[in-house]
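When reading the values below, keep in mind they use all heavy atoms of this one structure, side chains included, and skip hydrogens, waters and symmetry mates. When a ligand or atom number is given, it counts from 1 through the structure's own listing order. Since the model is a prediction, treat every value here as computed from it, not as a measurement.
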Amino acid sequence: MLTYPDGATALVTGGASGIGAACAKRLSDDGVRVVTADIAAGADERLDVTDPDAVDSLRTRLGRVDILVNSAGVVGPSAPLVDVGLEEWRRTFRINVDGTFLLCRAFVPGMVEAGWGRVVNLASIAAKDGNPGQSAYSASKAAVIALTKSLGKEVATTGVLANVVAPAAVESPMNAGTDPAILARSQSLTPMARMGRPEEIAELVAWLSSTALSFSTGAVYDASGGRASY
Ligand SMILES: NC(=O)c1ccc[n+]([C@@H]2O[C@H](COP(=O)([O-])OP(=O)(O)OC[C@H]3O[C@@H](n4cnc5c(N)ncnc54)[C@H](O)[C@@H]3O)[C@@H](O)[C@H]2O)c1
């Protein structure tokens, strides 16, 4: 059984779907008060993570958040880099990178003030591997890894720990629009020869959000069925 500080509140972006929804359920099952935020219907709070004013206003409404899970994200264009439009590239970065940055910037100071906090940012094995046909996604998730490494070091002595989970392909609505060739490649590179389930990712996110975590920050945890790329 994982434990969390008494009365802990978690904010899960992208919480209306897939991995975010599984994280919200997992944390809630553990007794954490969970607020989901998503641009799609079905979350507790409607939020566009790319909108700085909306993020600031959510912080004002919610007050202190002890656990931040940044799961909002998009897969972006499935095309060779030379065929990717600048606006599709920028949109992928706006959501995956700017969104993660804005949420961390808004909520980490409250955690530092409280002397305890957990940030879990969702990246991807694609960030380490550089999936062909997914340059925008891969590069944006590499940025998520790097910003988390910086943040983790910046707050290392404050009680706030910030880490990354890097899943391989997971059975979620995100992959409904992913090029089947990219999914087949991912599966062929995965020793367990299957996709992950959102609940399996949520298990690791819950551990990284709990008091069990004490000596890791700025670290990247693969949840990838053995798929590895260093
Ligand atoms: N599914 C996979 O194979 C996989 C693999 C590795 C990493 N990831 C990462 O895990 C995270 C969750 O993915 P998922 O599989 O649950 O995808 P998903 O599509 O099921 O859920 C993503 C959620 O993010 C929300 N979102 C998108 N843009 C938003 C915005 N501007 N503001 C707020 N919310 C927004 C969507 O509405 C959706 O509910 C993503 O960051 C993704 O890149 C997924």
Side-chain angles (χ1 to χ4, degrees), residues 11-26 35-55 57-58 68-78 88 90-104 106 119-131 134 136-145 147-148 164-180 182-187 189-190 192 194-202 204-205 208 220-225 227-229:
L11 172 62
V12 182
T13 73
S17 178
I19 294 168
C23 292
K25 180 175 185 317
R26 178 66 175 76
V35 178
T36 55
D38 203 299
I39 201 165
D44 301 315
E45 295 278 345
R46 191 178 172 83
L47 175 75
D48 179 349
V49 295
T50 70
D51 180 344
D53 295 337
V55 171
S57 129
L58 180 65
L68 171 64
V69 179
N70 281 305
S71 190
V74 289
V75 75
S78 285
E88 295 176 290
R90 284 183 174 155
R91 177 174 179 271
T92 309
F93 269 72
R94 273 200 301 273
I95 297 170
N96 294 353
V97 185
D98 296 10
T100 302
F101 157 69
L102 289 171
L103 269 292
C104 290
V119 178
V120 186
N121 292 332
L122 270 295
S124 170
I125 280 287
K128 298 178 169 185
D129 208 4
N131 286 355
Q134 283 188 328
Y137 184 69
S138 303
S140 71
K141 291 300 184 176
V144 168
I145 289 178
L147 78 83
T148 313
V164 174
V165 171
V170 172
E171 290 165 6
S172 81
M174 171 172 275
N175 281 318
T178 304
D179 182 345
I182 291 175
L183 290 180
R185 177 178 177 278
S186 172
Q187 200 141 324
L189 293 171
T190 302
M192 288 188 192
R194 66 172 177 85
M195 291 170 77
R197 295 186 301 276
E199 298 72 30
E200 293 176 299
I201 311 305
L204 179 54
V205 171
L208 291 169
V220 184
Y221 290 80
D222 294 352
S224 62
R227 182 177 169 190
S229 185

Got a donor-acceptor contact below 3.5 angstrom from the [X] side chain to the [Y] backbone?
X	Y	answer
Asn131	Gln134	no
Thr36	Val12	no
Ser186	Ile182	no
Ser172	Ile19	no
Lys141	Lys128	no
Ser138	Ala127	no

Is there a polar contact, in the sense of an N or O pair closer than 3.5 Å, between [X] and ligand 1?
X	value
Leu47	yes
Ala16	no
Ala37	no
Lys141	yes
Asn70	no
Ser172	yes

With heavy atoms only and a cut-off of under 4.0 Å, state how Ile95 meets ligand 1: side chain, backbone, both or neither.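 It is the side chain that gets close, since no backbone atom is under 4.0 Å.
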Among all protein heavy atoms, pick the one closest to [atom] and tell me residue, atom and distance.
atom	result
atom 34 (N) of ligand 1	Ile39 N, 3.3 Å
atom 20 (O) of ligand 1	Ser17 OG, 2.6 Å
atom 11 (C) of ligand 1	Ser71 O, 3.0 Å
atom 6 (C) of ligand 1	Pro167 O, 3.4 Å
atom 36 (C) of ligand 1	Asp38 OD1, 3.4 Å
atom 17 (O) of ligand 1	Met174 CB, 3.2 Å
atom 27 (C) of ligand 1	Gly73 O, 3.8 Å

Go through ligand 1 atom by atom and flag the ones less than 4.0 Å from a non-hydrogen atom of [X].
X	answer
Pro173	20 (O)
Tyr137	6 (C), 7 (C), 8 (N), 9 (C), 42 (C), 43 (O), 44 (C)
Gly14	23 (C), 24 (O)
Asp48	30 (C), 31 (N), 32 (N)
Gly18	16 (O), 20 (O)
Ser124	6 (C), 7 (C)

Between ligand 1 and [X], can you find any atom pair, the residue atom being a heavy atom, that is separated by under 4.0 Å?
X	value
Thr13	no
Arg94	no
Ala169	yes
Ala123	yes
Ala168	yes

Between [X] and [Y], which heavy-atom pair has the shortest distance, and what is it?
X	Y	answer
Asp48	Val55	O-CG2, 4.4 Å
Ala223	Leu204	CB-CD2, 4.0 Å
Gly18	Pro198	O-CB, 3.7 Å
Ala168	Ile125	N-CG1, 3.9 Å
Asp38	Ala40	OD1-N, 2.8 Å

With no hydrogens and no angle check, do the side chains of Thr100 and Asn121 hold a donor and an acceptor under 3.5 Å apart?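 No, no side-chain donor-acceptor contact under 3.5 Å.
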Looking just at side-chain N and O atoms, do Asn96 and Ser140 make a donor-acceptor pair shorter than 3.5 Å?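 Yes, side-chain donor-acceptor contact under 3.5 Å.
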For atom 32 (N) of ligand 1, which of the options Val49, Thr178, Ile19, Ile182 provides the nearest non-hydrogen atom?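 Residue with the shortest heavy-atom distance to the ligand atom: Val49.
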So, do Leu11 and Glu45 sit near enough that their side-chain heavy atoms are less than 4.5 Å apart?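 No, their side chains stay 4.5 Å or more apart.
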Considering only heavy atoms from C-beta outward, does the side chain of Val164 approach that of Leu208 to under 4.5 Å?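 A side-chain contact under 4.5 Å is absent here.
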